[in-house]
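Chain A is the first sequence line, chain B the second, and so forth, proteins listed ahead of strands; every chain is numbered from 1.
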Number of protein chains: 2
Amino acid sequence: MGRWEPNARERLAEAALELYGERGYEQTTVAEIAKRAGLTERTFFRHYADKREVLFGGSGELEELFVRAVAGTPADAAPIEALAAGLDAASEIFADRRPYARARHAVITANAELRERELIKLASLSTALAGTLRGRGVPEPAASLAAEAGVAVFKVGYERWLEASEDRDLVHLVREALSEFKAVAAGG
Amino acid sequence: MGRWEPNARERLAEAALELYGERGYEQTTVAEIAKRAGLTERTFFRHYADKREVLFGGSGELEELFVRAVAGTPADAAPIEALAAGLDAASEIFADRRPYARARHAVITANAELRERELIKLASLSTALAGTLRGRGVPEPAASLAAEAGVAVFKVGYERWLEASEDRDLVHLVREALSEFKAVAAGG
DNA sequence: GCATTCGATGTCAGTGACTGTCATCGCTAG
DNA sequence: CTAGCGATGACAGTCACTGACATCGAATGC
């Protein structure tokens, strides 16, 4: 494996989150992250495309899970109902990671570049969901609109979960957001 | 005014769009943009915060117009109906700018950094709309969800407009996107 | 007219993100 | 034991972006 210790990639992500939290994203240099992880700056950029990406290692996994759940829904389910299944699946993987999610979210919301990166990850998720819906026969622009709505619902539920007390779980908060959404879209 | 010619800011934006279109965003240096505009790199950064922002000079205007139209709606209008008024107002200012909008959109979609910047502008719009809706008595999370939906509708209509023939105008395409949205959200 | 003042620009040096290239380490197959 | 290979280190270079200070040009006051 590596030249020295294993899990270089994970060590870098951990060091980055710590440093971004301690002194802020902008005040942290990549060289400092690499040093805390026992590596060099050059190696950081072999594992992550840039200084922002180190906080988004799990986004591909989330997207894959969400999409798979939507695709696994009965073919005659309405777009919104297929998305509901995806929302459930995506919510479950966060179950025991709330402390980590909170630390990460605090860092991201504190910096515009990181917010931008988060938005493009969500846009990628939305694009993938729209493609999956089209594959199920949903025409455009309904597929894209439904996908965007699904992501918005997840985002709202997720943010409420971060602020909520420990006994409120993400799956339920996202479901609540979904029914709020349906009410608003119906003109309520 | 300026040391030489007037409208330095506009000249920079024009030069940037040209160069980004000719040789691509990444292959263009800020020094080249400034030179084409008859200025120096340092002056570029006095007018625009970074190399991406030069393509987004009008986003504040769009946000202001959209928000004002929503705020000017009768107090008893449902969130979706208030947003519909905002969508109409926002759509009108693009009426005679389709060639420019197409060139700009082609440049933005070709580069991930520029897509990120566009997304955060839309997120800012969404946040502003949500605040306006809250000011009209719409509670959270309905206000945020409705605002996200409104932005998604605008985005879909706008993209269709860019691809459409010259006789189809933005206002109508956005209205079509809105009714598609209502149908999908209702479970259609 | 002429000096003063002020905003916009130019100049220059510096930091840090990111990349290309090549050497080197340490494990593994044979 | 050695050859090969993947991961890392070392180093030089480009470019986005910033701070500090000089300078220009036009408006203003007299």
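- Sorted by first and then second residue, the pairs that involve residues 69-86 of chain B and meet side-chain hydrogen bond (donor to acceptor under 3.5 Å, both in side chains), not counting sequence neighbours, are B/Glu81-B/Lys182.
- Contacts between residues 13-22 of chain A and DNA chain D, counted as heavy-atom distances below 4.0 Å, involve no residue at all.
- Residues that satisfy the side chain to side chain contact (heavy atoms under 4.5 Å, CB included) test with A/Asn7, not counting sequence neighbours, are A/Glu10.
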Which pairs of donor and acceptor atoms, one on a side chain in residues 126-135 of chain B, lie under 3.5 Å apart (sequence neighbours left out)?
{"from": "B/Thr127", "atom 1": "OG1", "to": "B/Ala123", "atom 2": "O", "distance (Å)": "2.9"}
{"from": "B/Thr132", "atom 1": "OG1", "to": "B/Ala128", "atom 2": "O", "distance (Å)": "3.0"}
{"from": "B/Arg134", "atom 1": "NH1", "to": "B/Glu140", "atom 2": "OE2", "distance (Å)": "2.5"}

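- Distance, B/His47 NE2 to C/dG7 P: 15 Å, rounded to whole Å.
- Annotation: side chain of B/Val54 is not in contact with side chain of B/His47 (no heavy-atom distance under 4.5 Å).
- Residues A/Phe181 and B/Glu148 form no side-chain contact, since every pair of their non-hydrogen atoms from C-beta on lies 4.5 Å or further apart.
- Annotation: the span from B/Arg168 atom CZ to B/Glu163 atom CD amounts to 11.5 Å, rounded to 0.5 Å.
- Contacts between residues 104-124 of chain A and DNA chain C, defined by a heavy-atom separation under 4.0 Å, are absent.
- In this structure, A/Glu10 places its CD atom 13 Å from P of D/dA7, rounding to the nearest Å.
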Legend entry - Contact state string [nucleotides 11-21 of chain D, B base, S sugar-phosphate only, - no protein heavy atom under 4.0 Å]: B----SBBBBB

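- By the 30° and 60° cut-offs, the orientation of the rings of B/Tyr158 relative to B/Trp161 is tilted.
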Inset, instruction - Evaluate salt bridge (charged side-chain N to carboxylate O under 4.0 Å, His left out) for A/Glu64 paired with A/Arg68, printing each intermediate quantity in order. - result: CA-CA 6 Å; A/Glu64 200 177 330; A/Arg68 200 184 344 257; 3.4 Å; yes

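- B/Arg104 forms no cation-pi arrangement with B/Tyr20, by the criterion of a distance under 6.0 Å to the ring centre and an angle within 45° of the ring axis.
- Hydrophobic clustering, with ILVMFWY side chains joined whenever heavy atoms are under 4.5 angstrom apart, groups A/Tyr48 together with A/Phe45.
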